[in-house]
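Beneath this line is the structure, given in structure tokens, with notes to follow.
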Amino acid sequence: MRIAIIGAGPGGLYTAALVKRLRPACEIDVWEANAPDETFGFGVVFSEGALGGIEAADPRLFARLAAACEQWSRIDVHHRGRIVRNGGYRFSAIGRRVLLSMLRTRCTELGVTIRYGTRAPEAALLAGTYDLVVAADGVNSSTREAHREEFGTEGGERGSRYLWLGTDRTFTALTFAVADTEFGSMHAHAYPYAPGLSTFIAEVDDHVWEAAGFTGRGAGTPGGGRADADRIAGFFVDVLEGHRLRTNKSRWGRFAVVRNRRWSHGTVALLGDSAHTTHFSIGSGTRLAMEDGLALALAVDEHGAVPEALIAYEAERRPDTESMQRTARISQEWFGELDRYTDLGLEAFNAHLITRSGRLTQDDLPSWSPDRVELIRDRFARADSRLRGTAAR
Ligand SMILES: Cc1cc2nc3c(=O)[nH]c(=O)nc-3n(C[C@H](O)[C@H](O)[C@H](O)COP(=O)(O)OP(=O)(O)OC[C@H]3O[C@@H](n4cnc5c(N)ncnc54)[C@H](O)[C@@H]3O)c2cc1C
């Protein structure tokens, strides 16, 4: 089978590596518009469930990821100079650049061809010479946009503005912080992802953004977003303990909701953010993109024929992702109405935030069931044993 993958983000690379592990004879070509280390953002969070699936599918990759992840067990809420610490969680996070580099290495070890700095040919063109085309081309997927009607694409930009930043202040928990400013309240989500490095995402309502005069001018260029990052650091000076904020292609954006009534059209499949997005306040988009890749690899291996594989892939992934999208929507709406809660006492504010008004609990965040993890482990172990003695993988 010949497979073309558009986009070398976490979804595209993980799909390539896992299909190659299960079906070494598959020919897989990946196109990536950017250069290898040219990417946006800072660290991304994984829940425990996500890592369980990765461990079962590719223990070698898991060992490398686990060694590079920062781990913590608390959610801290900062509000008007006071902090509540909530324990009993299990989170891991890794730098997006490190994650992509590990996935790239794994693909190279397994014999996947990746063309960096090259936009992929149109999916319709690729479909003429490849059995399967995977559109892992992110939230702004041009593949999806060219066939919105066929995919039944819905969504649009929604909610407040955000700026994805980093800092060398070492947070020790998933941290939510509210800053009362002369322009109105702003809030931030922060977490550690490497020694001495943390992600810091600032979120600001439109009216506060305009009153504060954030311009976003020059954002997206080297050094862009710098002036706004410095101002935000000033508003959150207590939480940041005086540390600066860093930029990396940081530009003000709004969360884009993406949903599709169908995830495939002919032999072209959407995967990861091109198929569905979840608000970053529940930190799941990377995990969902990788889980899509795992499900698609299993479906291709099991069914061989592409149409059946695509039906199985969507049937497996749609319930989980729709459930996560519902949870993410509740979370995003809660943060959008934050001003309703900021005058509550610290304990009440914390309780509302942690449970998102009683509707969001840890149990709402699905992950692979233990049975499914065993099945994944078994399928990849069988693929490994087929290969034993033929090549070191
Ligand atoms: C502020 C913020 C914070 C986030 N925090 C988290 C978090 O903590 N945890 C988490 O799990 N997720 C998080 N996410 C979400 C996460 O970044 C995405 O869900 C994830 O990157 C999706 O992976 P993907 O592979 O589908 O797409 P992407 O990572 O977007 O990769 C798509 C790739 O395709 C390439 N591409 C696009 N078009 C073409 C083309 N025509 N030809 C060749 N290449 C092309 C792009 O250059 C890109 O490299 C966050 C997102 C935001 C905005």
Side-chain angles (χ1 to χ4, degrees), residues 4-16 29-47 49-51 54 69-70 91-97 99-100 103-104 114-123 125-126 133-146 157 159-166 174 188-193 198-203 248-258 269-293 296 321 324-325 328 332 365:
I5 299 183
I6 306 174
L13 291 178
Y14 195 52
T15 307
D29 293 319
V30 182
W31 282 263
E32 169 53 52
N34 290 325
D37 274 320
E38 192 188 336
T39 192
F40 59 89
F42 291 88
V44 290
V45 180
F46 283 126
S47 71
L51 291 177
I54 294 171
C69 275
E70 285 292 300
F91 291 108
S92 306
I94 190 168
R96 182 176 155 92
R97 194 171 300 201
L99 170 68
L100 291 176
L103 289 168
R104 184 165 69 236
I114 310 173
R115 297 178 174 87
Y116 279 98
T118 315
R119 279 190 72 81
E122 296 293 311
L125 211 66
L126 290 170
V133 180
V134 180
D137 48 354
V139 61
N140 299 314
S141 168
S142 54
T143 312
R144 182 194 65 227
E145 291 305 300
E157 293 195 335
S160 49
R161 297 177 194 254
Y162 72 83
L163 193 58
W164 194 353
L165 301 163
L174 177 59
H189 315 245
Y191 47 84
Y193 68 89
S198 300
T199 284
F200 191 95
I201 304 168
E203 251 195 299
N248 176 23
K249 296 178 184 285
S250 306
R251 65 173 75 223
W252 286 102
R254 262 186 232 278
F255 173 67
V257 179
V258 174
L270 301 178
L271 184 139
D273 271 12
S274 72
H276 48 74
T277 54
T278 47
H279 191 249
F280 51 78
S281 58
I282 65 161
S284 299
T286 305
R287 160 203 158 173
L288 290 177
M290 292 175 71
E291 289 180 342
D292 283 358
L296 183 59
T321 52
M324 287 301 281
Q325 286 189 301
Q332 182 184 11
L365 306 177

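The model shown is predicted, which means the values in this text are computed figures rather than measured ones. Start at 1 and go down the list; that is how both ligands and their atoms are numbered. Reckoned from all heavy atoms, side chains included, excluding hydrogens, waters and symmetry mates. Residues take their numbers from the sequence shown, with the count starting at 1.
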Protein contact to [atom] [nearest heavy atom, distance to 0.1 Å]:
atom                    : result
atom 11 (O) of ligand 1 : T286 N, 2.8 Å
atom 30 (O) of ligand 1 : G138 CA, 3.6 Å
atom 41 (N) of ligand 1 : R119 NH2, 3.2 Å
atom 5 (N) of ligand 1  : Y191 OH, 3.8 Å
atom 46 (C) of ligand 1 : E32 OE2, 3.5 Å
atom 38 (N) of ligand 1 : D137 CB, 3.4 Å
atom 31 (O) of ligand 1 : G9 CA, 3.4 Å
atom 42 (N) of ligand 1 : A120 N, 3.0 Å

When you look for heavy atoms under 4.0 Å from ligand 1, do you find them on the side chain of [X], its backbone, both, or neither?
X    : answer
F255 : neither
R287 : backbone
F46  : neither
I6   : side chain
I201 : side chain
A93  : neither

Within a distance under 4.0 Å of any heavy atom of [X], pick out the atoms of ligand 1 and give their elements.
X    : value
N34  : 47 (O)
W31  : 43 (C), 44 (N)
Y162 : 1 (C), 53 (C)
P10  : 23 (O), 25 (O), 29 (O)
V45  : 7 (C), 8 (O), 9 (N), 10 (C), 11 (O)
G283 : 7 (C), 8 (O), 9 (N), 10 (C), 11 (O)
G272 : 26 (O)

Taking every non-hydrogen atom, the tightest pair across [X] and [Y]:
X    : Y    : value
L163 : S250 : CD1-C, 3.9 Å
R96  : P10  : NH1-CD, 3.7 Å
A123 : I6   : CB-CD1, 4.2 Å

Would you compute the distance between atom [atom1] of [X] and atom [atom2] of [Y] and round it to the nearest 0.5 angstrom?
X    : Y    : atom1 : atom2 : value
M290 : T15  : CE    : OG1   : 9.0 Å
L296 : E291 : CG    : CD    : 13.5 Å
R119 : D137 : CZ    : CG    : 8.0 Å
D292 : L270 : CG    : CG    : 10.0 Å
R144 : L271 : CZ    : CG    : 12.5 Å
F46  : S284 : CZ    : OG    : 10.5 Å

Nearest neighbour of atom 32 (C) of ligand 1 from the list S141, A136, G253, G7, on a heavy-atom basis: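 Ranked by closest heavy atom to atom 32 (C) of ligand 1, first place is A136.
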I282, L174, D273: member with heavy atom nearest to atom 26 (O) of ligand 1: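 Heavy atom nearest to atom 26 (O) of ligand 1 belongs to D273.
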Test your reading of the model: is there a side-chain donor-acceptor pair from [X] to the backbone of [Y], 3.5 Å cut-off?
X    : Y    : answer
Q325 : V258 : yes
S274 : A136 : no
T118 : Y116 : yes

Option passing side chain to side chain contact (heavy atoms under 4.5 Å, CB included) with L126 (candidates V133, I5, V134):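 That would be V133; it is the only one of V133, I5, V134 passing the side chain to side chain contact (heavy atoms under 4.5 Å, CB included) with L126.
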Close aromatic pair by centroid cut-off 6.0 Å: F91 and Y191: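 No: the rings miss the under 6.0 Å criterion.
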Purely on distance, is any nitrogen or oxygen of [X] under 3.5 Å from one on ligand 1?
X    : result
G11  : yes
A33  : yes
F280 : no
A289 : no

Non-hydrogen atom of R96 closer than 4.0 Å to ligand 1: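 It does, in that a heavy atom of R96 comes within the 4.0 Å cut-off of ligand 1.
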Neighbour count above 12 (heavy atom, 6.0 Å) for E122 CD: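 Atom CD in E122 is not packed in, count stays at 12 or less.
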4.0 Å protein heavy-atom contact status of atom 49 (O) of ligand 1, strictly under: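 Within 4.0 Å of atom 49 (O) of ligand 1, protein heavy atoms are found.
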Any side-chain heavy-atom pair of E32 and R104 under 4.5 Å: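 No - every pair of side-chain heavy atoms lies 4.5 Å or more apart.
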Mutual orientation of the aromatic rings belonging to F42 and Y193 [parallel < 30°, tilted 30-60°, perpendicular > 60°]: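 Rings of F42 and Y193: tilted, as their planes differ by 30° to 60°.
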